[in-house]
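To start, the structure under review is shown below, and the notes come after it.
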Amino acid sequence: MERGGQLLFEEGINVTLQGYPLVPRDKGVLRATPTVANTWDEVEQLITAVGRVHRTLMAR
């Protein structure tokens, strides 16, 4: 998940990594927290960036 977080950061998206002990040692969770302060364009940017990063990581 660290790689996913780095790729999102490079896309201009800041997420937090939730690691052990919050999740099992071999898992990781990236947490993004959109709020009412975000515009629809920003939310769409997040969704698009997550899709792009997912495709990049799955291609490995």
Side-chain angles (χ1 to χ4, degrees):
M1 281 294 131
E2 290 179 33
R3 179 71 176 136
Q6 179 62 40
L7 290 170
L8 285 170
F9 184 77
E10 291 170 6
E11 295 249 1
I13 306 293
N14 188 25
V15 295
T16 57
L17 174 64
Q18 305 300 305
Y20 181 80
L22 297 175
V23 295
R25 286 187 191 273
D26 63 338
K27 304 290 181 194
V29 174
L30 296 175
R31 180 176 291 176
T33 311
T35 70
V36 296
N38 293 104
T39 65
W40 280 115
D41 287 342
E42 291 168 332
V43 173
E44 289 175 348
Q45 178 188 6
L46 169 64
I47 293 167
T48 301
V50 167
R52 197 168 22 249
V53 167
H54 179 262
R55 286 188 299 277
T56 298
L57 293 175
M58 295 309 291
R60 296 179 148 209

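The first residue of the sequence shown is numbered 1, and numbering continues consecutively from there. These values consider heavy atoms only, across backbone and side chains, with no hydrogens, waters or symmetry-generated copies.
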Legend entry - Step-by-step side chain to side chain contact (heavy atoms under 4.5 Å, CB included) determination, Thr16 to Gln18: CA-CA 6 Å; Thr16 57; Gln18 305 300 305; 3.1 Å; yes
Legend entry - Test item: Glu10 and Leu7 side chains (from C-beta on) under 4.5 Å apart, heavy atoms: yes
Inset, instruction - Grab the two heavy atoms, one from Ile13 and one from Ala49, that are nearest each other, plus how far apart they are. - result: CG1-CB, 3.9 Å
Legend entry - Spatial distance of atom CD1 (Ile47) from atom CZ (Arg52) [nearest 0.5 Å]: 12.5 Å
Inset, instruction - Establish whether Val15 and Leu57 are linked, either directly or via other cluster members, by ILVMFWY side-chain heavy-atom contacts under 4.5 Å. - result: yes
Inset, instruction - State the CG-CG distance between Leu46 and Leu8, to the nearest 0.5 angstrom. - result: 7.5 Å
Inset, instruction - Report whether Leu22 and Leu30 are members of the same hydrophobic cluster (ILVMFWY, side-chain heavy atoms less than 4.5 Å apart, transitive linking). - result: no
Inset, instruction - Please report the shortest heavy-atom distance between Glu11 and Gln45, naming the atom on each side. - result: O-NE2, 3.5 Å
